[in-house]
Amino acid sequence: MSELTNQVAVVTGAGRGIGQAIALKLAAAGADIACVDLKLEFCAETVQKVQGLGRKAWAFAANVSDAASVEATAEQILTTAGKVDILVNNAGITKDGLLMRMSEADWDAVLDINLKGTFLFTKALVRSFLKQRSGRIVNIASVIGLIGNAGQCNYGASKAGVIGFTKSCAREVASRGITVNAIAPGFIQTPMTDKLTQEQKDGIIKQVPLASLGQPEDVAAAVLFFASPGARYITGQVLPVDGGMAM
Ligand code: NAP
């Protein structure tokens with residue numbers, strides 16, 4: 001028996017990057033995975049890889065910033081999988097720019113997906129967690145929500161918001177045996193950071209005591225910990241996975 005045998009995990013933004021690594025890590029620990037991404041076809045590779053690990057996998061298309069889409073998807077997941085034990089709010093975007101030039105649309109898009117998306121998916125599944133008197137919620141924040149970054153006022157605000165949401169939600173549902181924690185990744189090598197120039201990456205690496213970018217699997221390992229039986233007495237916490245950047 002693996003740590004997460006007979007458990008069902010929902011991972012948003014599971015199509016690639018950190019979300020895919022989380023889906024595979026939880027599947028390797030025994031969980032069946034509901035993969036959520038903007039389009040069904042984005043989930044295809046992750047679904048195939050999860051099935052390759054011998055676990056069940058389902059693909060669901062949802063825009064996490066759209067309440068109707070999220071509610072319908074959560075219903076479909078509960079009907080298809082029968083229950084949910086673990087929710088990982090991972091879907092997120094960046095739209096960087098200096099404050100003076102940042103458009104309202106870029107502010108809204110980042111807040112809507114990163115912060116409102118986390119609220120909406122949690123709200124859509126929390127009733128089932130409350131009923132079953134168990135559940136693990138893991139929100140993917142960022143070190144930028146802890147220490148800030150020039151050119152990322154929208155992103156930093158959204159991730160600081162995710163941290164505040166995590167703590168308030170943790171207090172609200174703790175009495176029903178549900179834990180809510182956040183991970184604050186530093187700079188992780190994914191399609192999101194592939195957009196950075198080599199010069200920008202070199203600049204970042206200089207700020208990282210462990211002197212390298214992280215890998216999606218580093219974040220996935222921390223998610224597995226929060227989802228595992230060993231973390232049952234931990235809630236409302238933010239764990240940086242950042243090579244020591246924010247210490
Ligand atoms: P990524 O490679 O861009 O993957 C993000 C995933 O989320 C994509 O599959 C994307 O789908 C999906 N997504 C975007 N908007 C969505 C929406 N509205 N509804 C549903 N799915 C949506 O990013 P990543 O680097 O893996 O990042 C994953 C999470 O980690 C994000 O929350 C990010 O902020 C956080 N994070 C990343 C880093 C880093 O260095 N990479 C550092 C700190 C925190 P599409 O294919 O359609 O775009």
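Because the structure is a prediction, the values reported are computed rather than measured. Values below: all heavy atoms of this structure, side chains included; hydrogens, waters and symmetry mates excluded. Just so you know, ligand 1 is whichever comes first in the structure, and atom 1 is the first atom listed for that ligand.
Remark: distances from the non-hydrogen atoms of I113 to ligand 1 include one below 4.0 Å. Residue contacts with ligand 1 do not include A21, since none of its heavy atoms lies under 4.0 Å from the ligand. Contact annotation: A14 has no heavy atom less than 4.0 Å from any atom of ligand 1.
At the shortest separation from atom 33 (C) of ligand 1 among protein heavy atoms lies Y155 OH, 3.5 Å. Counting protein heavy atoms only, atom 30 (O) of ligand 1 is closest to I140 CG2, 3.4 Å. Ranking protein heavy atoms by distance to atom 14 (C) of ligand 1, first place goes to I93 CG2, 3.8 Å. The protein atom (non-hydrogen) at minimum distance from atom 47 (O) of ligand 1 is F42 CE1, 3.1 Å. Here the heavy atom of the protein found nearest to atom 25 (O) of ligand 1 is T190 OG1, 2.5 Å. For atom 16 (C) of ligand 1, the closest non-hydrogen atom on the protein side is L38 CG, 3.8 Å. Nearest protein neighbour of atom 37 (C) of ligand 1, counting heavy atoms only, is I18 CD1, 3.6 Å. Taking atom 18 (N) of ligand 1 as the reference point, the nearest protein heavy-atom neighbour is N63 OD1, 2.8 Å.
By heavy-atom distance, the residue among N90, T94, V162 lying nearest atom 29 (C) of ligand 1 is N90. When the options L196, I188, V36 are ranked by their closest heavy atom to atom 40 (O) of ligand 1, first place goes to I188. Checking Q189, R16, K195, E41 against atom 8 (C) of ligand 1, the nearest heavy atom belongs to R16. When the heavy atoms of C43, S65, G92 are ranked by distance to atom 5 (C) of ligand 1, first place goes to G92. Comparing I204, D37, V110 by heavy-atom distance to atom 45 (P) of ligand 1, the nearest is D37.
Across all their heavy atoms, P216 and A21 have their closest contact at CB-CB, 3.5 Å. Scanning both residues, P240 and L146, for their nearest heavy atoms gives CG-CD1, 4.2 Å. Closest approach of V143 to A246, counting heavy atoms only: CG1-CB, 4.0 Å.
Numbered from 1 in the order shown, with element, the atoms of ligand 1 that lie under 4.0 Å from a heavy atom of G186 read 38 (C), 40 (O), 42 (C), 43 (C). Atoms of ligand 1 found under 4.0 Å from any heavy atom of P191 (numbered from 1 in listed order, with element): 2 (O). Close approach of ligand 1 to S142 is summarised as follows: ligand atoms under 4.0 Å from at least one heavy atom of the residue are 43 (C), 44 (C). Ligand-side atoms of ligand 1 in range of F187: 40 (O), range being under 4.0 angstrom from any heavy atom. Near A62, meaning under 4.0 Å from any of its heavy atoms, are these atoms of ligand 1: 19 (N), 20 (C).
The side-chain heavy atoms of L125 and L78, taken from C-beta on, include a pair separated by under 4.5 Å. By the 4.5 Å heavy-atom criterion applied to side chains, R16 and T190 are not counted as neighbours. For the pair N139 and V180, the minimum side-chain heavy-atom distance is below 4.5 Å. Residues F187 and K201 fail the side-chain proximity criterion, which asks for heavy atoms closer than 4.5 Å. Contact of the R176 side chain with the F129 side chain is not registered, since no non-hydrogen atoms from C-beta on lie closer than 4.5 Å.
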Exercise for review: Take D96 and Q152 through the test side chain to side chain donor-acceptor pair (under 3.5 Å) and record every step on the way to the result.
Suggested key: CA-CA 5 Å; D96 298 350; Q152 292 199 301; 3.1 Å; yes

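At a heavy-atom distance under 4.0 Å, no atom of L213 approaches ligand 1. The proximity of A184 to ligand 1, defined as any non-hydrogen pair under 4.0 Å, does not occur for either the backbone or the side chain. Here P216 has no heavy atoms under 4.0 Å from ligand 1, in either its backbone or its side chain. Residue-level proximity to ligand 1 for T193 is carried by the side chain, the only part with a heavy atom below 4.0 angstrom.
Distance alone, capped at 3.5 Å, places no donor-acceptor pair between the Q48 side chain and the C43 backbone. Judged by distance alone, with hydrogens and angles left aside, the side-chain atoms of D32 form no donor-acceptor pair with the main-chain N or O of A81 at under 3.5 Å.
Considering backbone and side-chain atoms alike, G17 places every N or O at 3.5 Å or more from each N or O of ligand 1. Of the N or O atoms in V64, one or more lie within a sub-3.5 Å distance of an N or O in ligand 1. Of the polar atoms of N114, none of the N or O atoms is found under 3.5 Å from an N or O of ligand 1, judged by distance alone. At least one N or O atom of K159, backbone or side chain, sits closer than 3.5 Å to an N or O atom of ligand 1.
Tracing side-chain contacts under 4.5 Å through hydrophobic residues (I, L, V, M, F, W, Y), one reaches L87 starting from W58; they form part of the same cluster. Linking Ile, Leu, Val, Met, Phe, Trp and Tyr whenever their side-chain heavy atoms come within less than 4.5 Å leaves V110 and L38 in two separate clusters. Note on F42: it does not cluster hydrophobically with V64, by side-chain heavy-atom contacts below 4.5 Å among ILVMFWY residues.
Residue pairs meeting the side-chain hydrogen bond (donor to acceptor under 3.5 Å, both in side chains) criterion with at least one partner in residues 78-88, sequence neighbours excluded, are K83-D85.
Each of V70, N89, N90, V10 was scored for a side-chain contact (heavy atoms from CB on, under 4.5 Å) with V36, with one residue passing: V10.
Cluster partners of F226 are L4, V11, I18, I22, L24, L26, I33, V50, L53, I86, V88, V138, I140, I183, I188, V219, V223, L224, F225, I234, L239, V241, counting Ile, Leu, Val, Met, Phe, Trp and Tyr whose side-chain heavy atoms approach within less than 4.5 Å, directly or via other members.
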